[in-house]
Each structure stands twice: as C-alpha cells, then as structure tokens.
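The structure appears below as structure tokens.
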Amino acid sequence: MTPFTENVIKLIKQIPEGRVMTYGQIARLAGSPRAARQVVRILHSMSKKYRLPWHRVVNAEGKIVIKDEASYHEQILKLEAEGVALGSLNEVNLETYRWLP
DNA sequence: AGCTTGACTACTC
DNA sequence: AGAGTAGCCAAGC
C-alpha cells in the first residue's frame with residue numbers, strides 16, 4: 001500500500017452524491033498527476049473491500065470508458081439515480097457536476 | 001525480481 | 001474531427 005493509494009481511496013470516499021470526478025483529477029490531487037491509470041486500478045480493485053463509489057468517477061470527457069458493459073450500465077443507472085443528468089451519449093456535464101474538494 | 005497490464009490522458013497525424 | 005500513439009506508474013502474476 002502506498003500513500004498515493006490511500007489518498008486516492010480517501011478522495012473517492014469524499015465524493016458526494018450527484019457529483020463526479022475525473023480519473024486525472026483524482027490522480028493529481030492524490031499526488032501523482034500522471035497516474036490516472038493507477039487510480040482506475042485502485043478504484044476498481046478496492047471498491048470490493050472498501051465499498052468505494054466508483055460509479056462517481058468518469059474520464060476526462062465526462063464519459064464512461066469502462067470495458068465491461070454490465071458495469072458500464074450499472075454506473076449510468078447509479079448516476080441517474082443520484083440526480084446526475086447524462087447526455088444523449090451518456091456523458092456528464094463536467095462544468096456542472098465536477099466535484100472540487 | 002522482473003515483466004505485463006490497464007474503468008486514462010494528452011499530443012500528433 | 002476522428003483515429004492512432006506514446007507516456008504514465010502501481011498492482012498482479
């Protein structure tokens with residue numbers, strides 16, 4: 001476990017309902033601006049143990065780039081359930097929903 | 001101990 | 001504008 005990992009987990013747990021963050025943003029705040037991919041990996045693997053709101057994390061465009069379709073749709077449903085309006089292409093308006101700590 | 005792998009990003013064709 | 005590519009760094013094997 002690295003400090004970076006802990007920071008990532010902390011940040012993600014702090015995301016309130018109805019808001020989202022980008023992978024890059026989390027990586028930057030966690031101390032490694034270029035570690036977006038690790039954020040993803042950590043988020044995904046740790047969500048099982050720590051129950052992290054992984055669905056509130058999207059890519060830099062506000063879209064969901066996830067590979068697994070099941071999880072992809074699950075994320076969309078959860079976001080909508082929290083009041084996040086998705087575009088016709090299932091994209092989030094970051095100007096509106098991006099959460100700044 | 002070393003190599004592969006990404007729920008990404010930014011830059012270039 | 002859309003597609004290809006290289007860089008990134010920790011986790012998993």
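Worth knowing before you read on, the calculation uses all heavy atoms, side chains too, and leaves out hydrogens, waters and symmetry mates. By convention in this document, chain letters (A, B, ...) are assigned in the order of the sequence lines, proteins followed by strands, and residues within each chain are numbered from 1.
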Rounded to whole angstrom units, what separation is found between the [atom1] atom of [X] and the [atom2] atom of [N]?
X: A:Glu61; N: C:dA1; atom1: CD; atom2: P; value: 13 Å
X: A:Met46; N: C:dA10; atom1: CE; atom2: P; value: 13 Å
X: A:Phe4; N: C:dA10; atom1: CZ; atom2: P; value: 7 Å
X: A:Gln38; N: C:dG12; atom1: CD; atom2: C1'; value: 12 Å
X: A:Leu43; N: C:dG12; atom1: CG; atom2: C1'; value: 17 Å
X: A:Arg37; N: C:dG12; atom1: CZ; atom2: C1'; value: 15 Å
X: A:Arg34; N: C:dC9; atom1: CZ; atom2: C1'; value: 12 Å

Heavy-atom pair of closest approach, residues A:Ala27 and A:Ala36: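 Closest approach of A:Ala27 to A:Ala36, heavy atoms only: CB-N, 3.7 Å.
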
Non-hydrogen atoms of A:Glu82 and A:Glu17 that approach each other most closely: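 What the structure gives for the nearest pair is OE1-CA, 3.9 Å.
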
5'-most by nearest nucleotide on DNA chain B - A:Arg41 or A:Val58: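 Between the two, 5'-proximity favours A:Arg41.
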
Sole candidate of A:Val84, A:Thr22, A:Ile76, A:Asn59 that passes side-chain contact (heavy atoms from CB on, under 4.5 Å) when paired with A:Val92: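 Of the listed residues A:Val84, A:Thr22, A:Ile76, A:Asn59, the side-chain contact (heavy atoms from CB on, under 4.5 Å) partner of A:Val92 is A:Val84.
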
Remaining members of the apolar cluster that contains A:Phe4, side-chain heavy atoms under 4.5 Å: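 Joined to A:Phe4, directly or through intermediates: A:Met1, A:Val8, A:Ile9, A:Leu11, A:Ile12, A:Ile15, A:Met21, A:Tyr23, A:Ile26, A:Leu29, A:Val39, A:Val40, A:Ile42, A:Leu43, A:Met46, A:Tyr50, A:Leu52, A:Trp54, A:Val57, A:Trp99.
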
Salt bridge (Lys or Arg N to Asp or Glu O under 4.0 Å) partners of residues 65-80 of chain A, not counting sequence neighbours, each pair once: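 The answer is A:Glu74-A:Lys78.
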
Span of DNA chain B in contact with chain A (heavy atoms, under 4.0 Å):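 Extent of the interface on DNA chain B: B:dT5 to B:dA10.
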
Spacing of CZ belonging to A:Arg56 relative to CG belonging to A:Leu79, to within rounding of 0.5 Å: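 It comes to 8.5 Å.
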
